[in-house]
Trainee: 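So that we are looking at the same thing, I have put the structure below in structure tokens.
Chain identifiers are assigned alphabetically (A, B, ...) following the order of the sequence lines, protein sequences preceding nucleic acid strands; residue numbering begins at 1 within each chain. Predicted model, so just to flag it, every value in this text is computed and none were measured.
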There are 2 protein chains.
Amino acid sequence: MRLISVLVCSLFVSATLPAIAADEKVDLNLVNKIRDEGTNRSKIMETLSVLTDEIGPRLTGSPGLRKAGDWTKSQLTEWGLQNAQVVSIAPFGRSWVLEKSSMRMVAPSNLVLDAIPKAWTPGTDGLKRGKVMYAKLETEDDLAKWKGKLKGVILLRDAMTPTKLHTTGDAKRYTEQELQEMESLDLGGATGRPPMDMAEIAKRLAFAKKINPYLTEEGVIATINVSRGDDGTIFVQGGGSYKKDEPTGPAALVMSTEQYNRIFRLLEKKKDVEAEVEVAVNFGDEDPANSINVFAEIPGTDKKDEIVMLGGHLDSWHAGTGATDNAAGVAVAMEAVRLLKAINFKPRRTIRIALWGGEEQGLLGSRDFINKNVASRPEVNDPKEKDLPSFMRRPTGPLSFKPMHGKISAYYNLDNGGGKIRGIYAENNAAAKVIFDAWLAPFHDLGAKTSTLRKTGSTDHVSFDAVGVPGFQFIQEPMDYFTRTHHSNMDVYDKLQKADMMQAAMIMANFVAHTANRDELMPRKPLPPEPARPAAASR
Amino acid sequence: MRLISVLVCSLFVSATLPAIAADEKVDLNLVNKIRDEGTNRSKIMETLSVLTDEIGPRLTGSPGLRKAGDWTKSQLTEWGLQNAQVVSIAPFGRSWVLEKSSMRMVAPSNLVLDAIPKAWTPGTDGLKRGKVMYAKLETEDDLAKWKGKLKGVILLRDAMTPTKLHTTGDAKRYTEQELQEMESLDLGGATGRPPMDMAEIAKRLAFAKKINPYLTEEGVIATINVSRGDDGTIFVQGGGSYKKDEPTGPAALVMSTEQYNRIFRLLEKKKDVEAEVEVAVNFGDEDPANSINVFAEIPGTDKKDEIVMLGGHLDSWHAGTGATDNAAGVAVAMEAVRLLKAINFKPRRTIRIALWGGEEQGLLGSRDFINKNVASRPEVNDPKEKDLPSFMRRPTGPLSFKPMHGKISAYYNLDNGGGKIRGIYAENNAAAKVIFDAWLAPFHDLGAKTSTLRKTGSTDHVSFDAVGVPGFQFIQEPMDYFTRTHHSNMDVYDKLQKADMMQAAMIMANFVAHTANRDELMPRKPLPPEPARPAAASR
């Protein structure tokens with residue numbers, strides 16, 4: 001029943017909304033020029049190859065990110081953008097570069113192991129050999145139980161992870177029905193996840209902080225987690241700590257699921273398993289040079305003090321080359337402004353591209369930009385609050401707005417992989433949705449026709465939305481983003497689809513150009529009331 | 001049109017054949033006992049875990065195969081089989097064990113590389129660093145062109161291999177329609193592949209023999225091929241040579257497709273790429289101990305001089321643990337005879353399980369058994385002929401038959417991965433097909449109901465079929481055999497499906513038991529006329 005009413009509703013919307021939105025001017029000549037340049041003279045795959053094949057991974061705080069910052073600044077300048085600059089978002093913490101890593105099982109039989117060190121974990125100080133053991137370390141009792149028994153051990157930290165047959169494709173594109181469902185909004189429905197148990201989270205965080213010192217003190221050689229991937233795909237993020245004053249613990253690697261499971265089964269059979277591991281990394285302290293955002297502009301004309309922004313995040317994880325996460329977003333935004341320069345587009349408002357650092361560590365780059373230029377709250381001084389992840393902190397006071405807050409018309413973000421754009425999340429901004437529908441019309445033939453009031457999170461438009469500046473993220477094809485590439489060793493150039501990337505750049509250029517040239521700023525939605533959170537003492 | 005007539009035909013066959021085949025006695029009490037033991041007290045996953053997790057890869061001529069031979073002999077004996085023996089199939093050649101292998105790109109940036117040495121290729125004699133280059137070496141002109149330019153080089157041997165989005169599942173099961181189509185036989189259709197151009201093949205083989213000495217003489221550090229896999233799956237077989245008198249060339253590895261492509265693109269951009277590689281292997285000369293077949297028997301009663309055989313091949317490639325290729329076949333055959341012993345089945349004919357070595361090098365184990373015991377042709381003495389692969393050699397003379405030729409009722413083989421049995425290839429033996437249909441009837445509910453006169457090749461039943469002894473291979477679900485596991489680093493225990501393996505063992509037990517107890521030997525098809533091949537001089 002619900003499904004049918006949704007379909008009817010969607011059909012109705014499709015048939016009537018374009019008429020309602022007809023007041024929104026669409027510059028069809030501009031569309032034609034963007035599509036011509038973007039289709040026939042695209043440079044997006046060259047940009048992507050430099051970012052991934054040449055520069056490689058771009059971990060925040062590390063030389064790869066700095067290299068990417070310098071190159072993107074220089075490339076944007078070469079394309080005719082102005083005021084290109086690399087801006088530090090320090091203090092961030094340590095830089096980290098993986099020099100080498102190899103591991104093998106040496107008993108009961110010989111096996112070269114596929115395991116990737118987590119970012120910000122230390123090396124092994126040469127080749128180390130040790131007994132492989134499994135220990136569950138989830139409570140204080142566990143720590144007490146294993147005390148004194150882990151010296152010289154290579155420690156498995158997870159239970160076995162069964163794999164599944166891949167009977168459906170790892171990569172998919174949205175069906176028409178899925179897109180139609182995405183457009184519907186259920187006002188009476190659940191309004192998000194149930195509230196988090198903050199006390200439980202705080203307890204877990206406090207326990208987690210004990211683990212690294214414990215492992216170091218116990219003399220563990222290295223810890224091994226199992227990857228959530230299979231078939232050779234290894235998902236790996238950070239461990240240790242990028243914060244200068246926090247302990248890193250011993251070397252920590254993530255192993256291919258099938259090999260991890262084999263070792264786990266051998267241990268279950270009471271076989272003595274031994275392994276050799278050698279990891280070499282370079283920790284550094286290059287703040288502020290390697291913790292950066294990049295900006296560049298196409299200056300506006302009659303409304304040049306107002307700004308339209310677009311971007312993606314330049315930083316990445318380290319196991320692949322950060323191709324879908326998020327060289328794709330960076331290259332699409334770069335190609336979008338290149339297209340606009342190539343067709344000699346003269347925007348009324350200033351167009352500013354932003355390539356963020358520190359996204360993977362909590363939207364650090366975009367938050368830094370917002371705090372310094374758009375809107376901020378008083379600094380966090382309470383040491384207890386500082387220890388918490390930002391989403392758990394109490395507001396330190398009300399937002400205070402800087403002049404730029406009223407000048408940014410909108411920010412457009414792309415950070416959901418290597419697939420083409422199917423539409424846009426209007427983030428509950430019903431007025432913007434109507435405008436977006438008009439702008440999408442000339443791109444229906446390229447598969448982009450959906451706008452939804454639904455919100456999406458976990459990337460840099462959230463920093464804008466949080467302070468009341470319209471920030472949007474596009475709807476992208478899922479492809480194999482969550483099954484293969486997101487934070488894995490398979491996040492590489494070969495996973496990018498040329499036609500998809502070309503399409504995305506044209507649509508982003510179109511949205512940005514129309515936002516720059518419309519008479520008014522993009523409509524805003526009211527800021528929510530300041531959150532009333534319980535005082536720290538009561539938690 | 002064709003499709004429709006096939007469907008009609010298949011429906012007709014399904015509806016009527018059981019009646020035609022009703023003369024074939026099916027011992028339904030036996031079926032019930034097999035299904036009870038096979039369903040409720042299966043040991044197949046334990047067998048599989050020993051073969052894969054514990055023993056690991058079982059490369060022909062190497063200690064892993066010997067270990068597997070000793071264990072299977074002992075396990076079969078423990079289950080009550082008699083005359084268990086490990087029989088050498090020497091001369092084979094060298095043993096080879098991979099000790100360690102690691103590789104990384106060190107310029108223009110740092111990257112730990114996933115590359116697996118090919119079997120029977122040498123180590124690097126310590127850590128070596130070299131310039132990475134690509135050279136096409138396909139003609140004498142190519143060899144001349146690169147002479148003197150490859151010293152100290154790590155040499156890419158393949159062009160770039162584009163990857164594809166996995167929009168359909170890697171693993172599949174046969175649809176009813178596919179199985180129905182498999183049953184139909186087109187007498188007017190093509191009778192196989194077009195004849196091979198023997199002269200061209202001989203030319204290529206002769207050129208291929210020059211490559212290894214050339215690479216060694218030129219001082220190449222290592223060669224790298226691209227894997228045909230993706231997402232971290234690396235397909236790798238042999239290189240160098242297992243023959244004692246043949247040159248191995250330098251170290252030779254197969255690299256993950258995405259990393260290979262990245263390096264290839266860097267070279268296309270004229271970047272200087274350097275890499276480090278370290279491979280350590282153990283070549284040995286343990287013939288005859290490590291080149292083996294394994295046999296064991298359930299002795300027959302009133303027809304004990306006649307034999308029913310079943311098996312799979314015990315040898316494997318080295319990158320995984322040979323789980324689907326072919327621990328699966330071995331474990332299914334072992335479980336089949338275990339089931340028959342457990343239910344105290346007394347066969348009229350002797351049941352002999354055969355676990356072959358050397359299958360991956362050209363059905364060496366089963367051919368050795370056939371030559372020594374069943375039927376053979378005069379030895380090859382012409383050195384030119386000896387140099388050719390066996391499928392290209394002229395017959396040295398007519399087959400001479402040994403007494404066992406008339407005593408083997410049938411041989412049943414399983415070697416198409418880890419999926420369950422959907423039926424059987426009757427290998428153009430129309431009489432056998434009718435019998436098989438009767439035996440399959442009690443297993444329709446488990447998905448096994450297809451028999452086809454079509455032939456299938458590339459595994460050990462071919463050695464029997466070639467000399468006129470009924471040899472059959474079962475139809476198995478494709479699963480992800482050719483997409484992920486076949487000769488790859490992903491041929492591991494986790495890829496095996498328990499329910500599928502249990503089903504296969506029950507069906508194999510059923511076929512073997514009924515073959516053992518029917519009144520007559522299985523019907524044979526006429527041997528084809530001796531092939532008339534042109535004399536060597538005229539080629």
Trainee: What part of Val50(A) lies closer than 4.5 angstrom to a heavy atom of chain B: side chain, backbone, both or neither?
Mentor: both
Trainee: Who among Thr483(B), Asn489(B), Leu98(B) has the most heavy-atom pairs with chain A under 4.5 Å?
Mentor: Leu98(B)
Trainee: Quick check on Thr485(B) against chain A: is it the side chain, the backbone, both or neither that has a heavy atom closer than 4.5 Å?
Mentor: neither
Trainee: Pick one of side chain, backbone, both or neither for Thr233(B), based on which atoms fall under 4.5 Å of a heavy atom in chain A.
Mentor: both
Trainee: Which bit of Ser101(B) is near chain A, if near means a heavy-atom gap under 4.5 Å: side chain, backbone, both or neither?
Mentor: both
Trainee: Tell me, side chain or backbone of Ser256(A) under 4.5 Å from chain B's heavy atoms, or both, or neither?
Mentor: neither
Trainee: In terms of heavy-atom proximity below 4.5 Å to chain A, should Met479(B) be classed as side chain, backbone, both, or neither?
Mentor: side chain
Trainee: Are Glu54(B) and Leu266(A) packed together at the side-chain level, in the sense that at least one heavy-atom pair is separated by less than 4.5 angstrom?
Mentor: yes
Trainee: As an exercise: rank Glu278(B), Glu258(B), His166(B), Arg265(B) by heavy-atom pairs under 4.5 Å with chain A and give me the winner.
Mentor: Arg265(B)
Trainee: Taking only Lys NZ, Arg NE, NH1 and NH2, and the carboxylate oxygens of Asp or Glu, determine whether Asp494(B) and Lys164(A) approach each other closer than 4.0 Å.
Mentor: no
Trainee: Please rank Ala319(A), Pro162(A), Gly232(A), Gly320(A) by heavy-atom pairs under 4.5 Å with chain B and give me the top one.
Mentor: Gly232(A)
Trainee: Chain A heavy atoms under 4.5 Å from Gln497(B): which part of the residue, side chain, backbone, both or neither?
Mentor: side chain
Trainee: Taking the side chain as everything from C-beta on, heavy atoms only, tell me whether Tyr493(A) gets closer than 4.5 Å to Arg262(B).
Mentor: no
Trainee: Let me know if Thr167(A) has heavy atoms under 4.5 Å from chain B in its side chain, its backbone, both or neither.
Mentor: both
Trainee: Tell me, side chain or backbone of Asp231(A) under 4.5 Å from chain B's heavy atoms, or both, or neither?
Mentor: both
Trainee: Can you establish whether the number of heavy atoms outside Lys172(A) located under 6.0 Å from its atom NZ is more than 12?
Mentor: yes
Trainee: Taking side chain as everything from C-beta outward and backbone as N, CA, C, O, which of these in Asp53(A) sits under 4.5 Å from a heavy atom of chain B? Side chain, backbone, both or neither.
Mentor: both
Trainee: Is any side-chain heavy atom of Ile116(A) less than 4.5 Å from a side-chain heavy atom of Val112(B)?
Mentor: no
Trainee: Side chain, backbone, both or neither: which part of Lys100(A) has an atom under 4.5 Å from a heavy atom of chain B?
Mentor: both
Trainee: Between Asp114(B) and chain A, with a heavy-atom cut-off of 4.5 Å, which part of the residue counts as in contact: side chain, backbone, both or neither?
Mentor: side chain
Trainee: Is it the case that over 12 heavy atoms from other parts of the model lie below 6.0 angstrom from the NZ atom of Lys128(B)?
Mentor: yes
Trainee: What residue in Lys67(B), Arg104(B), His318(B) has the most heavy-atom pairs under 4.5 Å with chain A?
Mentor: Arg104(B)
Trainee: Checking side chain to side chain donor-acceptor pair (under 3.5 Å) for the pair Ser49(A)/Lys269(B): CA distance, chi angles, key distance, verdict?
Mentor: CA-CA 10 Å; Ser49(A) 178; Lys269(B) 293 180 180 193; 2.6 Å; yes
Trainee: Report which part of Glu276(A) has an atom under 4.5 Å of a heavy atom belonging to chain B: side chain, backbone, both, or neither.
Mentor: neither
Trainee: Could you check Lys495(B), Arg173(B), Arg484(B) and say which one makes a side-chain contact (heavy atoms from CB on, under 4.5 Å) with Leu165(A)?
Mentor: Arg173(B)
